[in-house]
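Heads up, the thing below is written out as C-alpha cells.
Everything numeric here is computed off the predicted structure, so don't read it as measured data. Just so we're on the same page: letters track the sequence lines, and every chain starts at 1.
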There are 2 protein chains.
Amino acid sequence: MAARDYGQYSGISRAVELIGERWALLIVRDLLVGPRRYGELAAGLPRIPSNILAARLKELQAVGVIRRAPRSRVIVYEVTPYGRELEPVVLALGAWGFKALGEARDEQVITPDSMTMDLRSAFQPRVALELPATSYAARFGDAELLIRVDGSALDVTRGEGPVDFDFAFATGPAIHRLISGELAPQQAIAAHAVEVLHGRPALLDRFVSTFHLAA
Amino acid sequence: MAARDYGQYSGISRAVELIGERWALLIVRDLLVGPRRYGELAAGLPRIPSNILAARLKELQAVGVIRRAPRSRVIVYEVTPYGRELEPVVLALGAWGFKALGEARDEQVITPDSMTMDLRSAFQPRVALELPATSYAARFGDAELLIRVDGSALDVTRGEGPVDFDFAFATGPAIHRLISGELAPQQAIAAHAVEVLHGRPALLDRFVSTFHLAA
DNA sequence: CGGGATCCCTTAGGATACTG
DNA sequence: CAGTATCCTAAGGGATCCCG
C-alpha cells in the first residue's frame with residue numbers, strides 16, 4: 001500500500017518514497033496551482049491511466065501530502081500544508097528540468113497548470129521589481145493564461161472571461177528558446193514563432209526579461 | 001532506453017524524466033557527496049539490484065547528469081556541472097523528507113553518504129556563524145563521520161584515520177528526534193539514546209542548535 | 001576483485017471497459 | 001463525474017554468472 005521503501009533511514013529516501021512514484025510529482029505540481037477535481041487532474045495529465053491517478057491520489061492522501069478539500073460539496077483535491085512546503089522544491093526542480101527541454105515533439109502537450117508552474121519557475125522578481133506593472137494574455141499551445149506582474153508579485157490564472165491586459169501573444173514550444181535567451185524576442189516575432197495579438201511588440205522584451213532561465 | 005516520458009512539454013515533467021526513475025535520485029544524492037566507484041555506490045544502496053544500478057548509471061550518463069571521471073585510472077562516477085545544479089534541490093527535498101521520518105525500522109540502514117546529505121540539509125549556517133568553530137566525531141549506526149563547523153561553513157567527511165575533534169558521540173535513529181527538537185540533548189544522554197564518547201556533554205547542545213529541522 | 005551481464009520471477013504500470 | 005475491474009506488458013527484484 002505505502003510506496004515501496006528503500007530500506008534507508010534518510011530524508012531524501014523518505015522524500016522519494018512519498019512523492020517519487022511515477023506521476024506523483026506531476027499531480028502535486030498541478031495541485032500546487034490550486035485545488036483540482038479528479039477530472040481536471042486527468043485532463044491536465046492526458047496520458048495517465050485512470051487507475052493510476054486513483055491510486056496516486058490515495059497514496060498521496062495516505063502520506064499527508066494532499067487531501068480532499070473539507071466542507072466542499074464536490075470532491076476537490078488540494079495540497080495539505082505539508083504538501084505546500086514542496087512548492088519551492090518543485091519550482092527549483094522545474095527550473096532545472098526546463099533547461100534540459102529540447103525541441104517539443106508533436107505529441108507533447110502544454111497544459112495550463114504545467115505552464116503556470118514553469119512561469120513561476122522562470123519568474124525573476126528582482127527584474128520585475130524594476131519594471132512597471134504589466135498584464136499579459138498569453139496562449140501557449142492549448143494553454144491560455146492571464147499573467148499579472150506587479151512589482152515582485154506574480155499572479156497566473158487561466159485566461160477565461162473578459163479581462164484587461166497590456167499585451168497579448170500566442171506561441172508554442174518556442175517559449176523555451178525565448179525564456180532561455182536563445183531566441184531574441186523581436187526575432188521571434190519576425191520569424192512568426194510568436195504572434196502578437198494585441199499591444200506594442202516591445203512588451204515582449206519586457207516579458208522575456210521578467211521570465212528568464214539561462215541554459 | 002531513455003526514461004519513459006510523460007508527453008508534456010514542461011520543466012517539471014522533464015526533470016522527473018531525467019531523475020525520477022526508482023533509485024536514480026539516491027544515486028545522485030550519494031554522488032553529490034563526492035565521486036564514487038560502482039562498488040561504493042552499491043554499498044551505499046544495499047538493496048539496489050546490480051542490474052538496476054548499472055542501468056541507472058547508464059541512463060544518468062546519457063542525459064548528462066553524471067559521468068565517468070575523466071583521466072582517472074579506475075572507473076569513478078561523478079556528477080556533471082549540470083548534475084551539481086541539483087544540489088540545492090536535493091538538500092531541500094531531503095529537509096522535507098526528513099520531517100516525515102518516523103521511527104526507524106530494524107532493516108533500515110544509515111549510510112555515511114545519506115547521513116552526510118541529511119546533515120547538510122539540516123545545517124543552520126546563521127546559527128553556526130554565532131558559535132565557535134567546532135569539530136564533531138559522530139557515529140550514526142554504521143556511519144562514522146567527522147563534522148567540522150567553522151563559521152557558516154560545513155565540512156563532513158568519513159571519519160577515518162586519526163583526527164582531532166572537540167566532541168565525539170554515538171547515536172542511532174534518535175538523531176531524528178534530536179534534530180527535530182523532539183528530544184532535548186541532555187535528556188537524550190540521560191536516556192542513553194546518545195552516548196558521549198569524548199568531550200563536554202554540553203557540546204551536544206551546540207550540535208543540535210547547529211543542525212535543526214523542526215517538524 | 002571491480003564492474004557489470006543474464007536469468008527468472010514478481011509486481012507495478014498501462015490500456016480499456018465498466019459502474020455507483 | 002469519480003472512480004473500479006480486468007487483462008496484459010514492462011520494469012523492478014534477487015540470484016547467479018561472467019569477463020578483463
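A salt bridge does not link B/Glu107 with B/Arg47: none of the charged nitrogens is closer than 4.0 Å to a carboxylate oxygen. Taking the charged nitrogens against the carboxylate oxygens, A/Arg158 and A/Glu144 have no contact shorter than 4.0 Å, which rules out a salt bridge.
Between A/Tyr136 and A/Phe207, the gap from one ring centroid to the other is short of 6.0 Å.
Checking D/dA2, C/dA5, C/dG14 against the side-chain heavy atoms of A/Ile75 singles out D/dA2 as nearest.
An OP1 or OP2 oxygen of C/dG3 is reached within less than 4.0 angstrom by no side-chain nitrogen or oxygen of B/Lys58. Contact annotation: A/Arg56 reaches the phosphate of C/dG13 (side-chain N/O to OP1 or OP2, under 4.0 Å). When the side-chain nitrogen and oxygen atoms of B/Arg22 are compared with OP1 and OP2 of D/dG13, one or more of them lie within a distance under 4.0 Å. Proximity of B/Arg47 to the phosphate of D/dA15: no side-chain N or O atom is located under 4.0 Å from OP1 or OP2. Remark: B/Arg37 is in phosphate contact with C/dG3, judged by side-chain N or O atoms under 4.0 Å from OP1 or OP2. Regarding contacts with the backbone of C/dG14, every side-chain N or O of B/Tyr6 stays at 4.0 angstrom or more from both OP1 and OP2.
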- request: List the steps, then state whether side chain to side chain contact (heavy atoms under 4.5 Å, CB included) holds for B/Phe140 with A/Tyr9.
  value: CA-CA 11 Å; B/Phe140 308 95; A/Tyr9 195 72; over 6 Å; no
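Whole-Å rounding puts the A/Ile48 CD1 to D/dT4 P distance at 14 Å. Atoms CD1 (A/Ile52) and C1' (D/dG3) sit 13 Å apart, rounded to a whole Å. The CD atom of A/Glu17 sits 16 Å away from the C1' atom of C/dA12 (whole-angstrom rounding). Between the CD atom of B/Glu107 and the C1' atom of D/dG13 there is a distance of 16 Å, rounded to whole Å. Protein atom CD of B/Glu40 is 13 Å distant from nucleotide atom C1' of C/dG3, rounded to whole Å. Taking atom CG on A/Leu53 and atom C1' on C/dT16, their separation rounds to 16 Å, with Å as the unit. What separates CG of A/Asn51 from P of C/dA12 is a distance of 13 Å, to the nearest Å. Straight-line distance from the OH atom of B/Tyr38 to the P atom of D/dC18: 17 Å, rounded to whole Å.
Where A/Ser50 and B/Trp23 each meet DNA chain D at their nearest nucleotide, the meeting point lying more 5' is that of A/Ser50.
Scanning both residues, A/Leu213 and A/Ser121, for their nearest heavy atoms gives CD2-O, 4.1 Å.
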